[in-house]
Amino acid sequence: MAFWRSKKEESPDKPTTDSASTEDGSAAQGGEATQGDGTGMFQRVRQGLQKTREVLGTDIRDLFKEDGRLVDDAFLSELFAKLVRTDMGGGPAGRIRDDIATRFRARKVQMEDVLESIRNQTRELLQQEHTELQFADKAPTVILVVGVNGSGKTTSIGKLANYIHNKLGRTVVLGAGDTFRAAAVEQLTVWAGRIGCEIVTGKPEADPASVAYQTVEKAVATGAEVAIIDTAGRLQTQTHLMSQLEKIRRVIGKPVEDAPHEVLLVLDATSGQNAISQAKGFSEVAGCTGIILAKLDGSAKGGVILPILEQFKLPVKFVGVGEGIEDLALFDSDAFSDALFTDA
Ligand SMILES: Nc1nc2c(ncn2[C@@H]2O[C@H](COP(=O)(O)OP(=O)(O)OP(=O)(O)O)[C@@H](O)[C@H]2O)c(=O)[nH]1
Ligand SMILES: [Mg+2]
């Protein structure tokens with residue numbers, strides 16, 4: 001079901017088709033992505049990572065004002081400092097520094113060697129399994145979406161629902177489980193209208209668990225294939241809200257025994273390393289199965305994906321690269337590292 005994944009076969013330097021080529025909503029049905037779709041989506045992700053690429057590219061070029069640099073302790077610590085500016089974290093930055101040290105110590109290194117090392121090490125670190133969305137053997141598949149306030153949950157749900165409903169052709173029911181704010185229900189209702197899918201809403205301040213339950217029931221009753229449930233933003237320290245999340249999990253397991261099949265944690269890439277500590281508790285309490293890394297387009301710190309993978313031990317399944325309905329891409333490690341470095 002990869003509409004971005006077909007990039008693998010492409011040369012990173014090959015000019016890509018305009019990203020608008022995917023705007024027509026043409027089908028990228030499971031696994032049958034056309035090259036146009038994949039290339040367009042790669043272009044979109046590449047645009048999203050532009051700020052990170054610029055910062056990294058400028059920083060690395062700064063290191064090489066003269067032709068080649070002697071690899072000594074001073075150079076290695078300068079390199080390390082530049083790398084951590086992308087929020088990739090000390091572990092990955094140290095790994096790249098050590099790779100350069102092992103191969104070039106006391107010799108001259110060229111900028112291309114450093115870029116190649118960054119690319120190779122990052123590509124390895126980004127390898128992950130189970131990045132595909134898991135669909136239940138027997139419909140409906142129930143997807144719960146959680147995260148801290150403002151991380152991009154509702155918008156990501158809109159984009160995800162569009163992908164599943166209109167591109168994969170699997171009918172979706174949305175559940176407006178954020179009942180605290182009237183605006184949250186409206187926001188999701190607008191998305192449902194754009195996508196052309198059903199939505200279940202509760203009365204203002206209704207129990208979110210009952211809305212979640214009704215959503216799953218509706219999916220069962222109407223034969224919808226996927227139910228996606230929105231939740232209010234919360235912090236792991238808000239114990240009552242965290243236990244509410246447990247209740248939601250519990251009740252949706254009644255109409256559909258093994259639900260939820262996916263619990264997606266939405267992280268905001270612009271909040272950098274903070275996103276990690278803020279949302280850490282979610283993965284345990286809510287039993288998260290994967291991550292949507294939203295707002296990569298607004299961030300110069302796309303490197304944050306590396307510590308996220310390391311610490312959460314969860315696959316990043318999707319990345320958000322804008323506010324538009326098409327601005328969600330399936331995660332692909334090779335394409336992601338290419339997108340980080342193609343211009344660097
Ligand atoms: N640039 C950009 N903006 C995004 C992306 N995803 C979400 N946003 C914006 O981020 C803001 C918050 O998004 P929401 O989807 O409302 O976030 P939320 O997690 O549902 O927020 P709460 O329900 O208040 O917790 C909105 O202005 C979105 O348009 C993205 O991938 N890129
Ligand atoms: Mg929301």
Side-chain angles (χ1 to χ4, degrees), residues 7-8 10-14 42 45-46 48-129 131 267 269-277 280 291 293 296 299-316 319 331-344:
K7 175 65 190 76
K8 261 183 191 160
E10 302 273 319
S11 151
D13 297 317
K14 189 177 166 188
F42 175 74
V45 173
R46 213 181 147 278
L49 287 170
Q50 187 178 351
K51 283 192 192 164
T52 308
R53 202 165 51 241
E54 277 170 10
V55 168
L56 188 63
T58 309
D59 277 0
I60 299 297
R61 263 192 301 279
D62 279 354
L63 282 176
F64 287 91
K65 295 235 163 71
E66 57 218 74
D67 182 31
R69 284 281 307 267
L70 178 70
V71 176
D72 54 11
D73 287 345
F75 172 78
L76 291 169
S77 58
E78 258 182 84
L79 174 64
F80 182 82
K82 302 285 191 197
L83 293 170
V84 293
R85 276 192 0 125
T86 64
D87 259 16
M88 68 167 64
R95 188 170 152 150
I96 294 163
R97 177 199 55 205
D98 295 348
D99 176 55
I100 296 293
T102 310
R103 296 195 293 136
F104 295 98
R105 189 176 273 285
R107 289 196 291 130
K108 267 196 166 184
V109 67
Q110 302 296 327
M111 186 168 79
E112 287 67 34
D113 298 318
V114 171
L115 290 175
E116 193 196 328
S117 172
I118 296 173
R119 206 174 290 132
N120 290 341
Q121 299 297 323
T122 310
R123 204 172 270 170
E124 271 180 38
L125 288 165
L126 285 173
Q127 295 299 333
Q128 44 169 359
E129 293 179 343
T131 56
L267 295 178
T270 60
S271 53
Q273 296 261 17
N274 289 339
I276 299 170
S277 49
K280 198 82 202 293
I291 290 171
L293 186 56
L296 262 179
S299 173
K301 295 175 180 295
V304 75
I305 194 167
L306 292 171
I308 285 173
L309 286 178
E310 195 183 345
Q311 292 183 41
F312 279 88
K313 308 269 185 261
L314 286 174
V316 171
V319 294
F331 181 76
D332 179 278
S333 55
D334 288 356
F336 195 92
S337 47
D338 284 350
L340 271 174
F341 305 118
T342 34
D343 273 355

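Residues take their numbers from the sequence shown, with the count starting at 1. Hydrogens, waters and symmetry mates are skipped; everything else that's a heavy atom, side chains included, is used.
- Under the side-chain hydrogen bond (donor to acceptor under 3.5 Å, both in side chains) criterion, Glu54 pairs with Gln50, not counting sequence neighbours.
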Working for side-chain contact (heavy atoms from CB on, under 4.5 Å), residues Leu83 and Leu56: CA-CA 7 Å; Leu83 293 170; Leu56 188 63; 4.1 Å; yes
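- Judged by distance alone, the side chain of Thr52 and the main-chain N or O of Gly302 form a donor-acceptor pair under 3.5 Å.
- The shortest heavy-atom contact between Leu309 and Leu314 is CD2-O, 3.6 Å.
- When Arg123, Arg53, Arg46, Arg119 are each tested for a salt bridge (Lys or Arg N to Asp or Glu O under 4.0 Å) with Asp338, only one passes: Arg123.
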Just list the side-chain donor-acceptor pairs under 3.5 Å for residues 107-115, sequence neighbours left out, or say none.
residue: Arg107; atom: NH2; partner: Arg103; partner atom: O; Å: 2.5
residue: Lys108; atom: NZ; partner: Asp67; partner atom: O; Å: 3.2
residue: Asp113; atom: OD2; partner: Gln110; partner atom: N; Å: 3.2

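- Residue Arg95 comes nearest to Leu125 through the heavy atom pair NH1-CD2, 3.4 Å, listed as atom of the first residue, atom of the second, then distance.
- Between Ile291 atom CD1 and Lys313 atom NZ the span is 11.5 Å, to the nearest 0.5 Å.
- Heavy-atom minimum distance, Val304 versus Ala269: CG1-O, 4.3 Å.
- When all heavy atoms of Ala93 and Val84 are compared, the pair lying nearest together is CB-CG1, 3.7 Å.
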Worked verdict on Phe331 versus Leu126 for side-chain contact (heavy atoms from CB on, under 4.5 Å): CA-CA 10 Å; Phe331 181 76; Leu126 285 173; 4.0 Å; yes
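- The two residues Phe80 and Gly94 come nearest to each other via the heavy atoms CE1-N, 3.5 Å.
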Audit row: Arg105, Asp73, salt bridge (Lys or Arg N to Asp or Glu O under 4.0 Å) steps and yes/no: CA-CA 9 Å; Arg105 189 176 273 285; Asp73 287 345; 3.2 Å; yes
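- For the atom pair Phe104 CZ and Asp99 CG, the distance stands at 8.0 Å (nearest 0.5 Å).
- Shortest non-hydrogen contact noted between Thr131 and Val316 is CG2-O, 3.9 Å.
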Step-by-step side-chain contact (heavy atoms from CB on, under 4.5 Å) determination, Leu49 to Phe336: CA-CA 9 Å; Leu49 287 170; Phe336 195 92; 3.9 Å; yes
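- Taking 4.5 Å as the limit, some side-chain heavy atom of Val71 sits within range of a side-chain heavy atom of Leu76.
- With sequence neighbours excluded, the residues that form a side-chain contact (heavy atoms from CB on, under 4.5 Å) with Leu63 are Ile60, Arg69, Phe75, Glu78, Leu79, Lys82.
- In this structure, Gln127 and Asp334 have side chains that are in contact, with non-hydrogen atoms separated by less than 4.5 Å.
- Between Asn120 and Ile96, every side-chain heavy-atom pair lies at or beyond the 4.5 Å cut-off.
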